[in-house]
Amino acid sequence: MIKSMKAGRVKLYDANHEILRLLSGTNLQVSIMIPNNEISDIANNQTRSDEWILNNVVPFYPDTMIRFILVGNEVLSYASDRDRHVWTDLVPAMRRVWQSLKAQNLQIIRVGTPVAMDVLETSFPPSTGTFRSDIQRTVVAPMLEFLNETRSFFFVDAYPYFPWSANPMDINLDFALFNGNFEQIDGGSGLVYTNLLDEMLDSLIFAMTKLGYSDIRLVISETGWPTTGDIEQPGANLPNAAMYNRNLVKRIVAKPTIGTPARPGVVIPTFIFALFDENQKSGPGTERHWGLLSSDGSPNYDIDLTGRKSSVEYDPIPVVENNVPFRGRLWCVAARGVDLMELGAAVTDVCNGGDGICEELMPGRECYEPVSVHWHASYAFSSYWARFRSQGGSCYFNGLAEETTIDPSSGLCRFPSVIF
């Protein structure tokens, strides 16, 4: 399937042996990953690192063209006390893995770690780019030293969708989608920007330069645009996703190489997230809809990963109208057609959490009747979401819930809502 899509690289979020065998002889450049929960063991034990390479690299290379080993995933985005301990183990683990590769004469494989854009304390305009003060000297500087020594790359997960959707009235949508009819000038550097991704990448380049590392190359370890999302998530739609990824591919494979304003002409290896929609993933609606393919394997939209197909050769995509923020009230109700046993269990879980979420469902109260699983679940979901959305709660409930603009209240029973 990946070969038929004419992809040149594939990134795995583990080192699945079955997939690595299937990739044998394909000429696809492969990136594999060490899970976050193994970082500390490897950092403190060279034997553990050696075993990981012997088990997950040596049996497959070179028939499977493993090019990158990524130590963890967005480790620096997690900040509990336990996570902070992993921060300090991150670079030592990377060094252990590199030593293991050298012992096997596999220095062609580069070692890195993907970070999200939240590693920056300031990012706009790009010339002000600076790493967070809590990681700059203790983690990032040693990491950059390692990447520089080993001629490796700085891996970044860069999604223009997120800064745009957080400020859709202040950031031009065409600027986020590479449509080329809008530009910004960085007053600090004088560089001219025609798209948001370049601004994001250059902010990292400026941040690295301030620490004395101006030449470490970038890899975009994740980027993309969601095909759909929740009602209140603007811009998550098929036309925008298709436009972003098609324009991205053309830009990345262009000859001569475009690069970024701060590094013109420099190749940036890029991975589009993701191959498939992840229909079992929790959280906001966009979390489940980044795939080039739907969860059943059918294409969400046509895309040529070689970049040779012109925009006029693509079939038109239906126009949608969610490119502006939603304004109004939303309720969270039980989805149609879901399993009633699962729905009943979910009501029990929500109501047993306390906090008065389900008080109105008690016998004799305003929302007790009608006594149906669907009705009680809808009230419980709406009540929970209204109470906890500000703390990260979502209207998902393992796929049992959906948002609605139609007030489900009836009679004296008033459903809590979320106002946007």
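Heavy-atom basis, side chains included; hydrogens, waters and symmetry copies ignored.
Of the N and O atoms on the side chains of Asn245 and Tyr301, at least one donor lies less than 3.5 Å from an acceptor on the other residue. Side chains of Asp50 and Gln46: a donor on one and an acceptor on the other come within 3.5 Å. Using modelled atom types and a 3.5 Å distance limit, the side chains of Asp157 and Ser221 yield a donor-acceptor pair. No donor-acceptor contact under 3.5 angstrom links the side chains of Ser152 and Arg110, judged on distance only. Residues Asp277 and Ser294 bring no donor and acceptor atom of their side chains to less than 3.5 Å of each other. For the residue pair Asn179 and Asn172, no side-chain donor N or O sits within less than 3.5 Å of a side-chain acceptor on the partner. No side-chain N or O of Asn300 forms a donor-acceptor pair with one of His289 less than 3.5 Å apart. Asp202 and Thr260 share a donor-acceptor pair across their side chains, judged by distance under 3.5 Å alone. Inspection of the Ser80 and Asp83 side chains reveals an N or O donor paired with an N or O acceptor under 3.5 Å.
Checked against the 6.0 Å centroid threshold, Tyr193 and Phe175 do not count as a close aromatic pair. A centroid separation of less than 6.0 Å is found between the aromatic rings of Trp290 and Tyr159.
Taking both residues in full, the closest heavy atoms of Asn44 and Arg96 are given as C-NH2, 4.1 Å, listed atom of the first, atom of the second, then distance.
Counting only heavy atoms from C-beta outward, the side chains of Pro239 and Val320 approach each other to under 4.5 Å. Looking at heavy atoms from C-beta onward, Asp315 lies out of side-chain contact with Asp302 at the 4.5 angstrom threshold. Proximity of Lys309 to Arg246: side-chain heavy atoms (C-beta onward) are nowhere separated by under 4.5 Å. Counting heavy atoms from C-beta outward, Phe271 and Thr223 have side chains that stay 4.5 Å or more apart. Under the 4.5 Å side-chain criterion, counting only non-hydrogen atoms from C-beta, Phe154 is in contact with Leu147. Counting heavy atoms from C-beta outward, Ser133 and Glu121 have side chains that approach closer than 4.5 Å. In this structure, the side chains of Met169 and Pro325 come closer than 4.5 Å at one or more pairs of heavy atoms. Contact of the Val30 side chain with the Ile19 side chain is not registered, since no non-hydrogen atoms from C-beta on lie closer than 4.5 Å.
Under 4.0 Å is where a charged nitrogen must lie from a carboxylate oxygen, and between Asp304 and Lys250 no such pair does. Between Glu360 and Arg365 a salt bridge is recorded (basic side-chain N to carboxylate O distance below 4.0 Å). Ionic pairing of Glu278 and Arg288 is not present here: no N-O contact between side-chain nitrogen and carboxylate oxygen is shorter than 4.0 angstrom.
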Listing, residues 406-415 side-chain donor-acceptor contacts under 3.5 Å, not counting sequence neighbours, or none:
residue: Asp407; atom: OD1; partner: Ser409; partner atom: N; Å: 2.9
residue: Asp407; atom: OD1; partner: Ser409; partner atom: OG; Å: 2.6
residue: Ser409; atom: OG; partner: Phe415; partner atom: N; Å: 2.8
residue: Arg414; atom: NH1; partner: Gly411; partner atom: O; Å: 3.3

For a quick test of your reading: what N or O donor-acceptor pairs under 3.5 Å do the side chains of residues 63-74 make, sequence neighbours left out?
residue: Thr64; atom: OG1; partner: Leu20; partner atom: O; Å: 2.6
residue: Thr64; atom: OG1; partner: Ser24; partner atom: N; Å: 3.4

Would His17 and Asn55 satisfy side-chain hydrogen bond (donor to acceptor under 3.5 Å, both in side chains), going step by step from the backbone distance to the final call?
CA-CA 9 Å; His17 290 189; Asn55 291 334; over 6 Å; no

Can you list the steps and then say if Gln233 with Thr286 is a side-chain hydrogen bond (donor to acceptor under 3.5 Å, both in side chains)?
CA-CA 8 Å; Gln233 294 184 292; Thr286 51; 3.0 Å; yes

One pair to check against side-chain contact (heavy atoms from CB on, under 4.5 Å): Phe397 and Glu342. What are the steps and the verdict?
CA-CA 10 Å; Phe397 298 96; Glu342 293 182 19; over 6 Å; no

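Ring geometry, Phe153 versus Phe155: the interplanar angle exceeds 60°, so the pair is classed perpendicular (tilted spans 30 to 60°).
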